[in-house]
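Structure, as structure tokens:
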2 protein chains.
Amino acid sequence: MRDFYTITELTKEFGISTRTIRFYEDEGLIKPVRRGRTRLFRPVDRGLLKLILRGKRLGFSIAEIREIIEMYKAPPGEAGQMRLLIQKVNERREELYQKRRDIEETLNELDNAEEACLARMAELGVGK
Amino acid sequence: MRDFYTITELTKEFGISTRTIRFYEDEGLIKPVRRGRTRLFRPVDRGLLKLILRGKRLGFSIAEIREIIEMYKAPPGEAGQMRLLIQKVNERREELYQKRRDIEETLNELDNAEEACLARMAELGVGK
DNA sequence: GCTACAATTGACTTTTACGTAAATAAAATA
DNA sequence: TATTTTATTTACGTAAAAGTCAATTGTAGC
């Protein structure tokens, strides 16, 4: 695995702009190291970027994504905090279950829409 | 099934504001009928509202949700349009598959986070 | 017909998530 | 060394999706 990635390498890999990446840094989601002023992204930063974009695709806000990231790097802590963390994990899980149900329902509706389409095309006497 | 719902009934059922519902009407996503100036929401409007909120939870924009709605009520049309529609359906499906994968991955990470938590709690010598 | 209250409309504000542009510096290349 | 190229910082701009507020307008009950 490579030691460092440049910002442009990451923009190309993930199809986002430098502005976006710097914005995520401003938001404290990633903390690339510096050589002079230039940012150097470690594998861990790249991993976080992946996580952020996954979160975005799922419709999570920056604030929510920040919370998720905090969750992952939380342990070592005290027992009460751990319990709280586990509670948060469970809340996220419920959200994701909900989203998964939403997806299944939407997929079903898409199936129906497509069927209606195909039926209509058959009516119109279209071969294939 | 009831004939009509009032706007406040729907805000309560779905936990959204009247402003939001009117906003969706302005955006042309729902078209409640009127008695005087007062909006009366039919079951179909309520169904659309459900669909809209599901779309929102999945991170779709209003524009995308509008497209999805258009898709559902598209047929009767001409064959070329039908093909285009089917193509769109397939694109949506791919998006949803991607989201589903994203969810599975995130769920896995949550499992890991929870395990780490539990392990840490065991270390701390916490019973149950 | 008056009062109280719910609903509507329109204008303005806010928040989020970046885009865009200008100025500057550092690095790579000719 | 001159010239691109690449990156950074700072600052302002913007589109989407509502929230908020004020001024009206209906309307249900008495």
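It should be emphasised that the depicted structure is a prediction, and the values quoted were computed from it without experimental measurement.
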Margin query: As an exercise, state the distance from CD1 of B:I21 to CG of B:L29, rounded to the nearest 0.5 Å.
Written below: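 It comes to 12.0 Å.
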Next item on the list: Output the distance between atom CG (B:N90) and atom CG (A:L110), rounded to the nearest 0.5 Å.
Entry: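 Between atom CG of B:N90 and atom CG of A:L110 there are 9.0 Å.
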Next item on the list: Ignoring backbone atoms, test whether B:R35 places a side-chain nitrogen or oxygen under 4.0 Å from the OP1 or OP2 oxygen of C:dT8.
Entry: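 So the side chain of B:R35 is outside the cut-off, no N or O lying under 4.0 Å from OP1 or OP2 of C:dT8.
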Notebook entry, point to check: Which residues within residues 19-26 of chain B lie with some heavy atom under 4.0 Å of an atom in DNA chain D?
Noted result: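 By residue number: B:R19, B:T20, B:F23, B:Y24.
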Next item on the list: Just call it for A:T18: base, sugar-phosphate, or nothing, with non-hydrogen atoms closer than 4.0 Å on any strand.
Entry: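 Touches nothing.
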Check: In chain order, what residues pass the side-chain contact (heavy atoms from CB on, under 4.5 Å) check against A:E9, with sequence neighbours excluded?
Finding: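 A:E9 satisfies side-chain contact (heavy atoms from CB on, under 4.5 Å) with A:R2, A:Y5, A:T6 once adjacent residues are dropped.
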Next item on the list: Apply side-chain contact (heavy atoms from CB on, under 4.5 Å) to B:D111 and list each qualifying residue two or more places apart in sequence or on a separate chain.
Entry: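 Result, side-chain contact (heavy atoms from CB on, under 4.5 Å) vs B:D111: A:R93, B:N108.
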For [X], all residues meeting salt bridge (Lys or Arg N to Asp or Glu O under 4.0 Å), sequence neighbours excluded:
X: A:E13; answer: A:R46
X: B:R34; answer: B:E25
X: B:R100; answer: A:E104

Atom pairs and distances, side-chain donor-acceptor, residues 67-81 of chain A, under 3.5 Å, sequence neighbours left out:
unit_1 : atom_1 : unit_2 : atom_2 : d
A:E67  : OE1    : A:K88  : NZ     : 3.3
A:Y72  : OH     : B:E109 : OE1    : 3.3
A:E78  : OE2    : A:G80  : N      : 3.0

Notebook entry, point to check: Bend angle of the helix from C:dG1-D:dC30 to C:dA30-D:dT1 from five-pair axes at both ends, rounded to 10°?
Noted result: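 Rounded to the nearest 10 degrees, the bend comes out at 20°.
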Note to self: Here's a test of your reading of the structure: between A:S17 and A:R37, which maps to the more 5' nucleotide of DNA chain C?
What the structure shows: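 The residue whose closest nucleotide sits nearer the 5' end is A:S17.
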Notebook entry, point to check: B:L40 has an atom CG; how far is it from atom C1' of C:dT8, in whole Å?
Noted result: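 Answer to the nearest Å: 14 Å.
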Checklist line | Interface limits on DNA chain D, where chain A has a heavy atom under 4.0 Å of a nucleotide atom | finding: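 Result: D:dA7 to D:dA11.
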Could you list the protein-to-nucleotides 28-30 of chain C atom pairs, N/O on both sides, closer than 3.5 Å?
none

Margin query: If you take any heavy atom closer than 4.0 Å to DNA chain C, which residues from residues 46-73 of chain B end up in contact?
Written below: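 Nucleic-acid contacts, sorted: none.
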Check: Any chain of hydrophobic side-chain contacts (each under 4.5 Å) joining B:F41 to B:I16?
Finding: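 Result: yes, single cluster for both.
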Next item on the list: Could you walk me through whether B:M121 and A:I86 pass side-chain contact (heavy atoms from CB on, under 4.5 Å), step by step?
Entry: CA-CA 11 Å; B:M121 285 179 68; A:I86 286 188; 4.1 Å; yes
Check: Quick one: side chain to side chain donor-acceptor pair (under 3.5 Å) partners of B:Q98, sequence neighbours excluded?
Finding: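 For B:Q98, the residues satisfying side chain to side chain donor-acceptor pair (under 3.5 Å) (neighbours in sequence not counted) are B:R101, B:D102.
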